[in-house]
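Numbering starts at 1 and runs along the sequence shown.
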Amino acid sequence: MNLFSWFPKPSPLRPESRVYDLKERLDWGEPALSIVDIRNRADFSASHITGAISIPAHQLLETAHRCFEIDRDLYIYGITDEEASVAAEQLRTAGYTSVSVLRGGVSAWKAAGFPVEAIPQMVA
């Protein structure tokens, strides 16, 4: 019997995930995932999930091909779940096999009390 079989494992990636599912994976220490914020850079700078990367929706496919392996677990969120769903479907159509819409995005993440980051704006 494998020693690790006694320990609970995080939930597997699904086409849609709750913020609790992602937090569970992060707490488990599973680094083989990326959190992608597809909102515009101003919204990202104002507040985003800690560890998320900014790839605005209009640049997603082009950037994904340069940044992610085809089987990388990707959690996508945007302004709305519908926007994230469209982006996730574009990635799936392009061949990405592990894409999940993070339901509620940064708002749900904040509501759950999970950490967010902001990028300070330079004052001119």
Side-chain angles (χ1 to χ4, degrees):
M1 178 181 268
N2 183 342
L3 176 65
F4 293 107
S5 65
W6 293 357
F7 296 103
K9 293 181 183 175
S11 303
L13 187 77
R14 293 186 294 263
E16 288 191 356
S17 297
R18 301 171 308 139
V19 294
Y20 302 100
D21 301 327
L22 174 56
K23 183 71 164 85
E24 178 184 32
R25 284 193 67 187
L26 293 172
D27 289 348
W28 181 256
E30 218 176 305
L33 63 88
S34 294
I35 307 165
V36 182
D37 184 325
I38 62 167
R39 301 174 302 155
N40 66 47
R41 303 246 189 225
D43 289 340
F44 178 83
S45 294
S47 180
H48 59 271
I49 294 172
T50 299
I53 57 173
S54 174
I55 306 177
H58 68 278
Q59 299 173 339
L60 183 60
L61 287 179
E62 172 190 336
T63 304
H65 286 301
R66 290 193 319 262
C67 296
F68 306 122
E69 303 87 16
I70 208 83
D71 60 349
R72 177 107 177 148
D73 285 359
L74 301 173
Y75 288 85
I76 310 293
Y77 71 91
I79 294 173
T80 65
D81 289 351
E82 292 77 21
E83 177 187 43
S85 292
V86 168
E89 192 53 39
Q90 289 173 341
L91 287 169
R92 290 181 191 115
T93 300
Y96 288 85
T97 59
S98 299
V99 181
S100 184
V101 172
L102 186 63
R103 293 192 326 231
V106 73
S107 297
W109 190 261
K110 283 189 214 179
F114 299 149
V116 294
E117 297 176 321
I119 299 172
Q121 300 299 309
M122 301 298 287
V123 178

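- With sequence neighbours left out, the side chain to side chain contact (heavy atoms under 4.5 Å, CB included) criterion links A46 to no other residue.
- Atom CD1 of I35 is separated from atom NE2 of H48 by 9.5 Å, given to the nearest 0.5 angstrom.
- Residues A32 and R25 approach most closely at O-NH2, 4.1 Å, considering heavy atoms.
- Applying the salt bridge (Lys or Arg N to Asp or Glu O under 4.0 Å) test to pairs two or more places apart or on separate chains, none has a residue in residues 42-59.
- The shortest side-chain heavy-atom distance between I119 and F44 falls under the 4.5 Å cut-off.
- Apart from I79 itself, the hydrophobic cluster it occupies contains nothing, where clustering links Ile, Leu, Val, Met, Phe, Trp and Tyr at side-chain heavy-atom distances under 4.5 Å.
- Panel note: side chain R72, backbone L33; a donor-acceptor pair is recorded below 3.5 Å.
- No side-chain donor-acceptor contact under 3.5 Å links R103 to the backbone of E16.
- Listed by chain and residue number, Q90 satisfy the side chain to side chain contact (heavy atoms under 4.5 Å, CB included) test with V86 (two or more places apart in sequence, or in another chain).
- Using a distance-only test at 3.5 Å, with no hydrogens or angles considered, a donor-acceptor pair links the side chain of D81 to the main chain of G104.
- When every heavy atom of W109 is checked against every heavy atom of P115, the shortest pair comes out as NE1-O, 2.7 Å.
- From D21, atom CG reaches atom CG of L102 across 8.5 Å, with rounding to the nearest 0.5 Å.
- Here the shortest heavy-atom pairing between S85 and V101 reads CA-CG2, 3.7 Å.
- One finds the CZ atom of R66 at 8.0 Å from the CD atom of Q59 (value rounded to the nearest 0.5 Å).
- Under a 4.5 Å side-chain heavy-atom criterion applied to ILVMFWY residues, the cluster that includes L91 comprises V36, I38, I53, I55, L60, L61, F68, I70, L74, I76, Y96, V99 as well.
- In this structure, CD1 on I49 lies 11.5 Å from NZ on K23, to the nearest 0.5 angstrom.
- The heavy-atom pair separating Y77 from G105 by the smallest distance is CB-CA, 3.7 Å.
- S100 places a side-chain N or O within donor-acceptor distance of the main-chain N or O of R14, the cut-off being under 3.5 Å.
- E82 meets the salt bridge (charged side-chain N to carboxylate O under 4.0 Å, His left out) test with no other residue; sequence neighbours excluded.
- Y75 approaches S17 most closely through the heavy-atom pair CE2-OG, 3.5 Å.
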